[in-house]
Amino acid sequence: MITLGTTTLPLCGWLVDAAKPVPSREQRLTAIRSLKDQYGLPAVELTLDLAAVYPQVFDAGYYREVAALQKTLDLVCTVHLPFLWVDPSSLNEPIRRASMASLREALALTQAIDVASYVLHLWGSTTALIAAQLQHPAQRTLVLQAIMGQADRSLTELCQLVDAGRLCVENLEDPLFAAAVPLIEDHGTSMCLDVGHLVWHGGDPSWYLRQYGSRIREVHLHDVMVGRAGQGLGQIRDHLALGTGQVDYPGLLTVLKEMDFQGAVILEVNTRADLEQSLERLRSLPSEIAI
C-alpha cells in the first residue's frame, strides 16, 4: 500500500529562530501533528539539514520527542539526510570526510525513530557541475571513475551504519545517476525516485519505475515546469503543486498501483497552498489510483 506524506516545510518553511529553540522545536512538532490530524497524512519526512544548520535547536532531545510522537500518532517516518553543502563523492577528500561526518551525525540523531527509509544525495552540486561540463570522452571517463570511487567509499561507510535496504540513493538534476547504478546494485542499497528531477531531464517516470521497481523504496513527488530547449536552467521551476506543471502524476500512480508499491510517496512542496492543492488533486483522482 502506498503511504502518502510530506515534510514540515509546507507548514513551517526552512528558516528557524535559533535564539528561541524551545518554541522553534514545538512549531515543528505541532506541524507533524497537523500533518496527521488535519491533513490525514500517515507519513512525514524529516529534513535533517535543519539539524545540520540549527544543531542548537534540533538536537537529540528533539528527535526523541519526534520518536514519542511517532508512536502516539502511528506515523511512518522517513529521513532526508543532509545534502546542503554536503558532497559524499567529492574528489576533495577533506570535503568528503566532513560530509560523512554530517551524515553520521544525522543517523545518530534519529536512532530513537523507527525510520522506514533514509534518502541520500550521493553527490553534491559541485561534483554534478564538474561532471556536466566534461566534454572530452577520455577525460570524462577518468573523472567519472574517480567520482564513483569516492561514492563507493562513502556508500561502504554508510552501509556499516544503516541497513543498506533502507538507504535510498536519489536521482538528481544531473547525468550522474546512470554511472551510480552499478554501485547501488553492488552495495544492495535502494533508490528514491524523484519524479520532478527525472522529468526535468526528459526522463519517463513510468519507464524508470519498471526498470528499477524492485529497488525503489521511496518516491518524491512534485510538479515541474521545463522551458523550451535553449532557454536554460533559469526556465525550469520545480517543487510545484501537482497539476501546475508537466508531470503525469495520474500515470505515475497507475504504475505504482500496478506494481503494488509499498513505500512512501512524499510530496516535496514548499508552501501550505501547494500542499493543499496537491492533496486535492490526488484525492480527486479515480478511486482505483487515488491515494
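In what follows, residues are counted from 1 in the order of the sequence shown.
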Looking only at atom types and distance, does a side-chain atom of [X] sit under 3.5 Å from a main-chain N or O of [Y], one as donor and one as acceptor?
| X | Y | value |
| --- | --- | --- |
| Thr47 | Leu50 | no |
| Arg166 | Arg217 | no |
| Thr3 | Ala264 | no |
| Ser102 | Ala98 | no |
| Asn171 | Asp194 | yes |
| Arg25 | Phe58 | no |
| Asp223 | Val247 | yes |

TODO: Decide if atom CG of Leu15 counts as having more than 12 heavy atoms of other residues, nucleotides or ligands within a radius under 6.0 Å.
DONE: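 Result for CG/Leu15: open.
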Open item on the list: If you count heavy atoms of other groups shown closer than 6.0 angstrom to CD of Gln211, is the number above 12?
Closed with: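 More than 12 within 6.0 Å, yes.
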Shortest non-hydrogen contact between [X] and [Y], atoms and distance:
| X | Y | answer |
| --- | --- | --- |
| Val195 | Pro205 | CG1-CG, 3.8 Å |
| Ser90 | Gln150 | O-NE2, 2.8 Å |
| Ser284 | Arg281 | OG-O, 3.0 Å |
| Ile184 | Ser190 | CG2-O, 4.1 Å |

Salt-bridged, [X] to [Y], with N to O below 4.0 Å?
| X | Y | value |
| --- | --- | --- |
| Glu65 | Arg28 | no |
| Lys20 | Glu26 | no |
| Arg97 | Glu93 | yes |

Close side-chain approach of [X] to [Y], heavy-atom, < 4.5 Å:
| X | Y | result |
| --- | --- | --- |
| Arg272 | Leu275 | no |
| Leu103 | Leu120 | yes |
| Glu268 | Thr6 | no |
| Trp14 | Leu84 | yes |
| Lys36 | Leu73 | yes |
| Lys71 | Asp114 | no |
| Val224 | Leu240 | no |

Task: Set of ring-ring contact (aromatic ring centres under 6.0 Å, His included) partners for Phe83, sequence neighbours left out - done: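 Residues passing ring-ring contact (aromatic ring centres under 6.0 Å, His included) with Phe83: His80, His121.
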- [ ] Keeping to residues at least two apart or across chains, list the salt bridge (Lys or Arg N to Asp or Glu O under 4.0 Å) pairs with something in residues 255-265.
- [x]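 Residue pairs passing salt bridge (Lys or Arg N to Asp or Glu O under 4.0 Å), neighbours aside: Arg210-Glu258.
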TODO: Let me see the working for His222 and Asn270 under side chain to side chain contact (heavy atoms under 4.5 Å, CB included), right down to the final yes or no.
DONE: CA-CA 10 Å; His222 52 99; Asn270 294 318; over 6 Å; no
- [ ] Please identify each residue that fulfils side chain to side chain donor-acceptor pair (under 3.5 Å) with Asp152, with sequence neighbours left out.
- [x]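 Here the qualifying residues are His187.
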- [ ] Test side-chain hydrogen bond (donor to acceptor under 3.5 Å, both in side chains) on Thr78 and Glu45 and set out the steps.
- [x] CA-CA 5 Å; Thr78 66; Glu45 180 148 289; 2.6 Å; yes
- [ ] Please assess Glu185 against Arg215 for the test side chain to side chain contact (heavy atoms under 4.5 Å, CB included), listing each intermediate value before the final yes or no.
- [x] CA-CA 9 Å; Glu185 294 174 343; Arg215 290 207 174 272; 3.6 Å; yes
TODO: Carefully, step by step, assess Met100 and Leu158 under the rule side chain to side chain contact (heavy atoms under 4.5 Å, CB included).
DONE: CA-CA 8 Å; Met100 292 303 299; Leu158 288 170; 3.6 Å; yes
Open item on the list: Tyr63 vs Gln111, test: side-chain hydrogen bond (donor to acceptor under 3.5 Å, both in side chains). Steps then yes/no.
Closed with: CA-CA 8 Å; Tyr63 290 102; Gln111 281 186 345; over 6 Å; no
Task: Step-by-step side chain to side chain contact (heavy atoms under 4.5 Å, CB included) determination, Leu109 to Glu105 - done: CA-CA 6 Å; Leu109 284 173; Glu105 177 65 19; 3.7 Å; yes
TODO: Please lay out, stage by stage, how Thr127 and Asp87 fare under the test side-chain hydrogen bond (donor to acceptor under 3.5 Å, both in side chains).
DONE: CA-CA 8 Å; Thr127 294; Asp87 194 340; 2.5 Å; yes
- [ ] Go through the steps for Arg96 and Ser154 under the test side-chain hydrogen bond (donor to acceptor under 3.5 Å, both in side chains), then give the verdict.
- [x] CA-CA 8 Å; Arg96 191 196 71 85; Ser154 294; 3.0 Å; yes
